[in-house]
Amino acid sequence: MEKEIRAIILGAGKGTRMKSNLPKVLHEIFAKPLIGWVLDSINNLPYKNESIVVIGHGAHDVEEYLNHNYKYVRTTLQKEQLGTGHAVAQAVPMLHGYLGTLIIACGDTPLLTTKTLHKLIQFHEEKGADLTVMTTEFDDPTGYGRIIRNTKDEIMKIVEQKDATDEQKGIKEVNTGVYCVDWAKIRKAFNELSNNNAQGEYYLTDIIKWARDNQYKVLGYLSDDNEEIYGVNSRQHLAVASNLMKKRYLNELMEQGVTIVDPDSTYISPDTTIGVDTIIYPNTYIEGKNKIAKKCKIGPMAHLRGGCEVGSGCKIGNFVELKNAQIAKNSNVCHLSYIGDAEIGNHVNIGAGTIFANYNSITKEKKRSKLEDGVSIGSNSVIVAPVHIGEDALVAASSCITKDVEAHALAMSRGHQKEIKNWVKSNKEKK
Ligand code: UD1
Ligand code: CA
């Protein structure tokens, strides 16, 4: 039988410090909300999985986003935000009958990777733990829950910043807020949490002490990468998290054999794959899911907006924007063009300033166009979707193409050039 896990993701909090009308977990990095990054990391685990998101502030918006993008994810409403323990308690009835391994994570930690989650689950299961809390160390642990260990190095409990003694505040090992539990055992804790603490909240962290008191095996999994649990609580944090994500991915790409000429000015979403010996020039911004093959040249100043496939040996030049565009091999779009909702063949040349008019603002519909192999589009042309341009056809510069073009044909749709002899001279003389 395929291994199965479940996850509870906490996302009901307001995120007061974001100073936003948007719920915190819907703030975006590379056009994907924070909660999307967390859900994807869980989804990419090599197990059958099912997630429940606890929603509260902006519940309607979060639910709408999840319904559109993560149909299989279920939500539960936490009407009042009485603490992280109370949040998890809202998901308990939905897990009725589930007795396996469960992950608890927060919806505002977009840098948490599948790899780390996988290691946490493996550690938890290999050691036969009932509850494993992922921990990490910070030189400055301010704000985090501190991990309290006994002389045998066993985890006894977690103490929140606001409840900690001065001595406890000196502890550098902290709670990442990610837990792996044996649900059959630990679910019972959620009937027994109290809010007797400095914040008057039901703390999820109290399940550690509860588990110990009930003779369950509690372990800590120390993650050496404290960047991964970086939580977003403010716009400053959002910028830091975006930068960390981008730096991490650019390094990965360079290790895989992609040239990034200027990492500082280059932004590439981790949902984009890039083949070896492709060169990314400065000021390129790539968001969403895209596939760029090997030996391409992208940028400087290119903008890919998702749903793009660029075949090997293509050139996507300066001020070129692509969205939902599939471009086969060895084609060039070198300057100042927009290609949206289009399929483009091999060895196609798109002249400077070409625009694919894919959107009808009245019907709000987007239509696709298709260009076969060897097509050449003259500069400053508009391709009004939907059109099909046959193999090796040529579109003359400055044409507005609204009808299909046959293979091997020349299509031209512009005023013919007229010349009036001495027009300037005679007008000047009249003055
Ligand atoms: C929590 C942990 C702390 C840990 C830190 C890691 C507790 C009591 N403390 O603190 O030990 O070091 O995370 O980042 O768990 N949420 C709800 N409903 C609520 C309250 C919170 O859904 O009633 C959600 C928030 O939206 C957020 C997550 O839970 O996604 C964490 O809440 P937050 O208030 O940020 O916890 P911390 O104080 O950071
Ligand atoms: Ca808090």
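When a residue number appears, it is its place in the shown sequence, counting from 1. Start at 1 and go down the list; that is how both ligands and their atoms are numbered.
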Checklist entry - Which atoms of ligand 1 sit under 4.0 Å from any heavy atom of L10? => result 22 (O), 24 (C), 29 (O), 30 (O)
Checklist entry - Which ligand 1 atoms does N175 reach within 4.0 Å, using its non-hydrogen atoms? => result 2 (C), 3 (C), 4 (C), 6 (C), 11 (O), 12 (O)
Item to check | 4.0 Å heavy-atom contact, G83 with ligand 1 | outcome: yes
Checklist entry - Taking distance alone, with no angle check, do G13 and ligand 1 share an N/O pair under 3.5 Å? => result yes
Item to check | Atoms in ligand 1 flagged as close to T84, the criterion being non-hydrogen separation under 4.0 Å | outcome: 7 (C), 8 (C), 15 (O), 20 (C), 21 (C), 29 (O), 31 (C), 32 (O)
Checklist entry - Measuring from the heavy atoms of T176, does anything fall under 4.0 Å of ligand 1? => result yes
Checklist entry - Can D206 and Y202 be counted as having a side-chain donor-acceptor contact under 3.5 angstrom? => result no
Checklist entry - Any idea which atoms of ligand 1 are less than 4.0 Å away from a heavy-atom of A87? => result 17 (C), 18 (N), 22 (O)
Item to check | Atoms of ligand 1 close to T205 [distance to a heavy atom under 4.0 angstrom, numbered from 1] | outcome: 7 (C), 8 (C), 9 (N), 11 (O), 15 (O)
Checklist entry - Hey, mind stepping through E321 and K323 against salt bridge (Lys or Arg N to Asp or Glu O under 4.0 Å) and telling me if it holds? => result CA-CA 7 Å; E321 175 179 334; K323 172 90 197 281; over 6 Å; no
Checklist entry - Counting each atom of ligand 1 from 1 as listed, which ones have a heavy atom of G145 under 4.0 Å away? => result 3 (C), 4 (C), 11 (O), 12 (O)
Checklist entry - Any idea which part of L82 is under 4.0 Å from ligand 1, heavy-atom wise: side chain, backbone, both or neither? => result backbone
Next on the checklist: Quick check on H86 - does any of its heavy atoms sit under 4.0 Å from an atom of ligand 1?
Outcome noted: no
Checklist entry - If we ignore angles and hydrogens, is there a donor and acceptor under 3.5 Å between the side chains of Q90 and T76? => result no
Item to check | Greater than 12 external heavy atoms within 6.0 Å of K315's NZ | outcome: no
Checklist entry - Is there at least one pair of N or O atoms, one from G177 and one from ligand 1, spaced under 3.5 Å apart? => result no
Next on the checklist: For E125 and K3: C-alpha separation, side-chain torsions, deciding distance, then whether salt bridge (Lys or Arg N to Asp or Glu O under 4.0 Å) applies.
Outcome noted: CA-CA 12 Å; E125 295 189 337; K3 197 175 143 36; 3.0 Å; yes
Next on the checklist: Geometry only, no angles: is Y179 polar-contacting ligand 1 at N/O separations under 3.5 Å?
Outcome noted: no
Next on the checklist: Under a 4.0 angstrom heavy-atom cut-off, which atoms of ligand 1 come close to G11?
Outcome noted: 22 (O), 26 (O)
Checklist entry - Taking atom types as modelled, is there a side-chain donor on T101 or H124 under 3.5 Å from an acceptor on the other? => result no
Checklist entry - Is the backbone N or O of W183 less than 3.5 Å from a side-chain atom of R6, with the two atoms forming a donor-acceptor pair by type? => result no
Checklist entry - Are side-chain heavy atoms of F123 and T132 found at a separation under 4.5 Å? => result yes
Item to check | Nearest candidate to atom 9 (N) of ligand 1, where distance is taken over non-hydrogen atoms, out of K162, E160, R146 | outcome: E160
Checklist entry - Is there a side-chain contact between H237 and Y230, using heavy atoms and a 4.5 Å cut-off? => result yes
Item to check | All pairs passing ring pair (Phe, Tyr, Trp, His ring centres under 6.0 Å) where residues 82-108 contributes a residue, at least two apart | outcome: none
Checklist entry - Taking only heavy atoms of C106, which atoms of ligand 1 are found under 4.0 Å from at least one of them? => result 28 (C), 30 (O), 31 (C)
Next on the checklist: Can you check which of Q199, Q81, Q78 brings a heavy atom nearest to atom 18 (N) of ligand 1?
Outcome noted: Q78
Checklist entry - Is there any ring pair (Phe, Tyr, Trp, His ring centres under 6.0 Å) pair reaching into residues 291-347, and which pairs are they, with sequence neighbours excluded? => result Y285-H303
